[in-house]
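Numbering of ligands and ligand atoms starts at 1, following listing order. Count residues from 1 along the sequence. Please read all numbers here as calculations on a predicted model, not as lab measurements.
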Amino acid sequence: MSNQERTGSDVIVVGGGAIGLAAARRLARAGRRVTLVERGRPGEEATRAAGGMLSPLAESPEPGPFLRLGLDSFALWPSFAAQLEEETGLNLDLRTEGKLLLALDTPAAERLRRRGKWANREGLSTSWLEGASLREREPTAAAAVAGLHLECDGQVDNRTLAHALTRAAAAAGCVILPGATAHTLITSAGRVCGIRTEDGSEHTADVVLLAAGAWSGRLSGLPRSLPVRPVKGQMVALALETAVVRTTLETEACYLIPRDHRQGGLVWVGATSEEVGFTRGTTLEGRTSLLRAAAQAVPALAHASEAEAWDGFRPGTPDGLPVIGPDPDLPGLIHATGHFRNGILLTPVTAELIVRCVDGTGDPRLGPFSPDRFSNV
Ligand SMILES: Cc1cc2nc3c(=O)[nH]c(=O)nc-3n(C[C@H](O)[C@H](O)[C@H](O)COP(=O)(O)OP(=O)(O)OC[C@H]3O[C@@H](n4cnc5c(N)ncnc54)[C@H](O)[C@@H]3O)c2cc1C
């Protein structure tokens, strides 16, 4: 080891987004000595860029392990948010009133109907709306042919979530090191024993939790390449004098999230999905496509003004599923990454699963999300 600074912990968490912070908080509350290294400031990457939707069903193309994990996490959200609010005094504005999927033409309505059918077979409550019932539910969605209301859906203020998790993790005893970039995993006798940061400091621990979002595959010393890639998303916030959208709406081209309910007419519109590496910044094309899709879904939004635009990098994986669990080849390394479009939804359940990985108890739900599946990549 170098003669630079050394610090010892039970667990080092690499990455201070929602996933790393939530795991760090949970581990610290369970009595572990935790150090979290964050390259920039906690919560400023995908976690801040997100829409904050909690959408297990809308995000599942079909029934399967992702839907089950998402539903488990959705069920954890009320108590998770309440505890965080109690620990920090911050208001996460958790809302669980559901989401309305809108079909703007007949083929889209057919696809919605199929989704409603399999959701009902899975025991999930939905309601089919058209004509007067649709206009009554969402008067401004005039252009829609039909709608499917999903009960198990909601949203949270993801920007406040990042602050709350940072505050709660620190209050639980986690040492948070902003401006510290993990560069290399350090191993000894075939297992992980810490990390070296870019400034040459070494931090020792029995366990390293890799939670670096879209950048996770860049850490040196991983036992094999980790196929997590950035999938850029742009979003736009629209401001109107009065609220025109009651609940979160989603078409096949965009979603519309009513935000900041204290201020009336703010609507977040998302999101593009772009394979452009780590190229930052919003583009005219990206913003225009979102504005067009928003006005198509809710014509009144054509009169809104653009209040803000931003972008971020989702941590994408080849199969679209997160990577959660112990590394199959390197004892002491645990993965919590690849949460793609659903890292906010999956924050509470991921933190619980990580505690079980660190304790060594494991969890049968981990199977489909194990890093094993990339062994031959
Ligand atoms: C436009 C957009 C909209 C989205 N909407 C939703 C939504 O509505 N609902 C939902 O559930 N999800 C949504 N997501 C996805 C969600 O934001 C992510 O899945 C989630 O934030 C991932 O959290 P994370 O902690 O893994 O990653 P991040 O929040 O990106 O955090 C990773 C952290 O690791 C740090 N880091 C990277 N490399 C290093 C290193 N070497 N050393 C130290 N630190 C490092 C980074 O600086 C960063 O802070 C959206 C994403 C985008 C981009």
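- For atom 42 (N) of ligand 1, the nearest protein heavy atom (residue, atom name, distance) is A182 N, 2.9 Å.
- Closest protein heavy atom to atom 9 (N) of ligand 1: M53 O, 2.8 Å.
- Nearest protein heavy-atom contact of atom 52 (C) of ligand 1 is R314 CG, 3.7 Å.
- Between R314 and E59 no salt bridge is recorded (no basic side-chain N to carboxylate O distance below 4.0 Å).
- Annotation: cation-pi geometry satisfied between R39 and W215 (NZ/CZ under 6.0 angstrom from ring centroid, within 45° of ring axis).
- A salt bridge between E87 and R29 is present, with a side-chain N of the basic residue lying under 4.0 Å from a carboxylate O of the acidic one.
- Scanning the protein for heavy atoms near atom 45 (C) of ligand 1, the closest one is R39 CB, 3.7 Å.
- The closest donor-acceptor contact from the side chain of T166 to the backbone of A162 lies under 3.5 Å.
- Looking from atom 20 (C) of ligand 1 to the surrounding protein, the closest heavy atom is G343 CA, 3.7 Å.
- Ionic pairing of D206 and R191 is not present here: no N-O contact between side-chain nitrogen and carboxylate oxygen is shorter than 4.0 angstrom.
- The pair E352-R26 meets the salt-bridge criterion, with a side-chain N (NZ, NE, NH1 or NH2) lying under 4.0 Å from an Asp/Glu carboxylate O.
- Residue A18 has at least one nitrogen or oxygen atom sitting less than 3.5 Å from a nitrogen or oxygen atom of ligand 1, judged on distance alone.
- Looking from atom 18 (C) of ligand 1 to the surrounding protein, the closest heavy atom is F340 O, 3.6 Å.
- The shortest contact between atom 14 (N) of ligand 1 and any protein heavy atom is with R341 O, 3.5 Å.
- Which of R41, E59, Q155, E38 comes nearest to atom 47 (O) of ligand 1 through a heavy atom is settled by distance: it is E38.
- Residue A49 has at least one heavy-atom neighbour below 4.0 Å for each of these atoms of ligand 1: 1 (C), 2 (C), 3 (C).
- The nearest protein atom to atom 4 (C) of ligand 1, hydrogens excluded, is given as A50 CA, 3.3 Å; this is a heavy-atom distance.
- Close N/O approach between T47 and ligand 1 is found [any backbone or side-chain N/O within under 3.5 Å].
- Of the possible donor and acceptor atoms, one in the side chain of R373 sits under 3.5 Å from a partner among the backbone N and O of S370.
- Each of T251, L148, V145 was scored for a side chain to side chain contact (heavy atoms under 4.5 Å, CB included) with L102, with one residue passing: T251.
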